[in-house]
K.L.:
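The structure's right below; bear with me while I get my questions together.
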Amino acid sequence: MRNVKPETGGFFQRVRSWHPPAFAPGYKSTVVRSPQRAPISFGNTLSEITGPVFGREILGPLDNDLTLNYAKPGESAIGPRIIVYGQVLDERARPVPNVLVEFWQANAGGRYRHKKDGYLAPLDPNFGGCGRTITDEDGNYSFLTIQPGAYPWPNGINDWRPAHIHFSIFGHGFVQRLITQMYFEGDPMIWQCPIVRTIPDKRAIETLVAALDMEATVPMDARAYKFDIVLRGRRSTMFENKLEGN
Amino acid sequence: MAQQLDRLKETPSQTAGPYVHIGLTPNICEIHGIYEEDLGTRMVNDKTRGERITVKMRIFDGTGAVIRDALIEIWQADADGLHNSPSEPRGKADPNFTGWGRQASDAETGVFTFETIKPGRVPFLDDRPQAPHISLWIVARGINLGLQTRMYFGDEEKANAEDPVLSRLEHQHRGPTLIAQREGDTYTFDIHLQGEKETVFFDV
């Protein structure tokens with residue numbers, strides 16, 4: 001760990017218009033699950049500014065390798081092998097080190113290992129579908145997986161999810177907590193997806209599309225996709241009541 | 001033109017979807033062998049200081065149906081009001097209390113069960129003490145951005161009455177949506193996403 005004092009400033013106000021609204025009827029599940037009253041705001045107290053931390057001791061050696069972490073010895077998951085990597089930053093463009101990043105996804109055929117998923121595509125006996133890692137001192141993370149498939153879902157008569165990986169990211173404060181989904185560069189399914197289209201601004205959607213990075217590809221092994229993640233930034237303590245840390 | 005501020009925009013949220021438990025509580029949905037245990041299921045151990053409590057929560061949608069595919073994370077102070085976090089400037093929290101819990105609902109009943117302790121009081125911005133509370137973050141299919149709220153304790157009437165957040169609610173009759181009721185060592189907290197009893201959610 002670098003010898004820097006943890007920051008304790010409050011977080012920037014969330015720009016809610018950049019996020020999907022709670023009520024987005026094109027995604028039917030939101031209709032009865034969206035709060036209708038305005039949320040209440042108050043300045044961040046220590047209940048919001050603080051948050052849990054996770055040490056590397058929780059990580060197993062295969063936690064960031066979805067091709068092997070559920071596979072029988074000597075076997076591996078079926079599908080195009082990809083490395084997903086990126087940096088977790090905050091809105092001040094500062095790296096967010098030592099935070100837990102979790103991910104989950106369907107298999108190469110677009111099927112989840114879940115008893116409520118009855119899609120025709122078969123389960124892969126060597127693929128569980130989840131993994132996790134912790135960012136390094138510079139906020140970097142990476143993992144190895146297989147590219148998930150697109151799949152149909154019950155919303156309209158013929159709605160399909162584009163290939164995607166779900167991400168859960170912790171920051172240093174509980175109100176930085178974020179869940180999102182990563183899509184793949186060049187996938188024409190992205191723009192027809194009712195869940196993607198809950199996000200009003202095309203530029204915001206584009207930040208969820210990981211870029212194919214041939215320079216980070218491992219020759220004869222796995223292609224690479226780069227997906228950077230931005231968490232809420234926090235005010236410098238210079239602007240707090242107590243002048244410390246500046 | 002002025003100088004650029006060089007700020008980035010927060011990554012937009014997307015729903016956690018119906019299979020959030022594969023990622024965050026895989027052992028609950030019968031994916032065994034990847035993680036020894038699901039994170040956040042044990043908040044306390046034998047040495048944790050403070051009053052042991054059980055918190056049972058449910059989430060209801062706008063039709064009044066209980067939701068069975070959600071996930072709740074909670075975050076709270078220890079018995080002395082300190083957080084187990086590097087961003088806690090006031091002192092070191094109880095090392096035997098994580099302060100953070102994560103639970104899937106019971107697939108049949110929709111009940112979330114947290115075994116924790118009653119938190120101490122945490123100061124507000126102006127140093128007035130807040131009433132004891134637990135912060136919540138709720139994600140599920142059909143929830144596009146994780147919902148923030150708090151749970152207060154029904155047997156803390158005096159502290160609740162002077163709490164800076166509860167007392168600033170414009171619609172005071174909505175305050176009780178944030179207060180869990182006690183029976184024995186168990187608090188019950190029902191969350192309503194919509195309707196007459198819609199829980200007060202926060203944008204903080």
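Worth saying up front: this structure is predicted, and the values here are computed from it rather than measured. Residue numbers start from 1 in every chain, and the chains themselves are labelled A, B, ... in the order their sequence lines are given, proteins ahead of strands.
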K.L.:
Heavy-atom distance under 4.5 Å to chain A: side chain of B:L71, backbone, both or neither?
P.N.:
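Looking at B:L71, nothing touches chain A.
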K.L.:
By a 4.5 Å heavy-atom criterion (distance strictly below it), what part of A:A22 contacts chain B: side chain, backbone, both, or neither?
P.N.:
backbone
K.L.:
Answer with side chain, backbone, both or neither: which region of B:Q148 has an atom nearer than 4.5 Å to a non-hydrogen atom of chain A?
P.N.:
side chain
K.L.:
Counting only non-hydrogen atoms closer than 4.5 Å, does B:Q130 touch chain A with its backbone (N, CA, C, O), its side chain (CB onward), both, or neither?
P.N.:
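Answer is side chain: those atoms of B:Q130 sit under 4.5 Å from chain A.
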K.L.:
Using only atom types and a distance under 3.5 Å, with no angle test, would you say the side chain of A:Q105 pairs donor to acceptor with the backbone of A:H164?
P.N.:
no
K.L.:
Would B:K56 and B:F114 count as a cation-pi pair here, with the cationic atom under 6.0 angstrom from the ring centre and within 45° of the axis?
P.N.:
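No, cation not above the ring by the 6.0 Å, 45° rule.
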K.L.:
Could you tell me whether the side chain of A:R92 and the main chain of A:R234 form a donor-acceptor pair under 3.5 Å?
P.N.:
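Looks like yes, one N/O pair under 3.5 Å.
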K.L.:
Between B:R42 and B:E115, is there a salt bridge with N-O shorter than 4.0 Å?
P.N.:
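Result for this pair is no, no salt bridge flagged.
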K.L.:
Shorter than 4.5 Å, heavy atoms on both sides: which option in A:D90, A:I199, A:I205 has the most such pairs with chain B?
P.N.:
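Top option by heavy-atom pairs under 4.5 Å: A:I199.
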K.L.:
So which residue, A:L46, A:V53, A:V175, ends up with the most heavy-atom pairs under 4.5 Å with chain B?
P.N.:
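Most pairs with chain B among the choices: A:L46.
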K.L.:
Mind checking whether A:W160 and A:Y119 have parallel, tilted or perpendicular rings, split at 30° and 60°?
P.N.:
perpendicular
K.L.:
Classify the ring geometry between A:F143 and A:F103 as parallel (under 30°), tilted (30 to 60°) or perpendicular (over 60°).
P.N.:
parallel
K.L.:
Would you say that A:Q176 contacts A:E48 through its side chain, given a criterion of any heavy-atom pair below 4.5 Å between the two side chains?
P.N.:
no
K.L.:
At under 4.5 Å between heavy atoms, what parts of residues 55-66 of chain A are in contact with chain B? List them by residue number.
P.N.:
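A:I58, A:D63, listed by number.
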K.L.:
Contact part of A:D201 toward chain B, heavy-atom cut-off under 4.5 Å: side chain, backbone, both or neither?
P.N.:
neither
K.L.:
Parallel, tilted or perpendicular: which describes the rings of A:Y151 and A:Y112, with under 30° parallel and over 60° perpendicular?
P.N.:
perpendicular
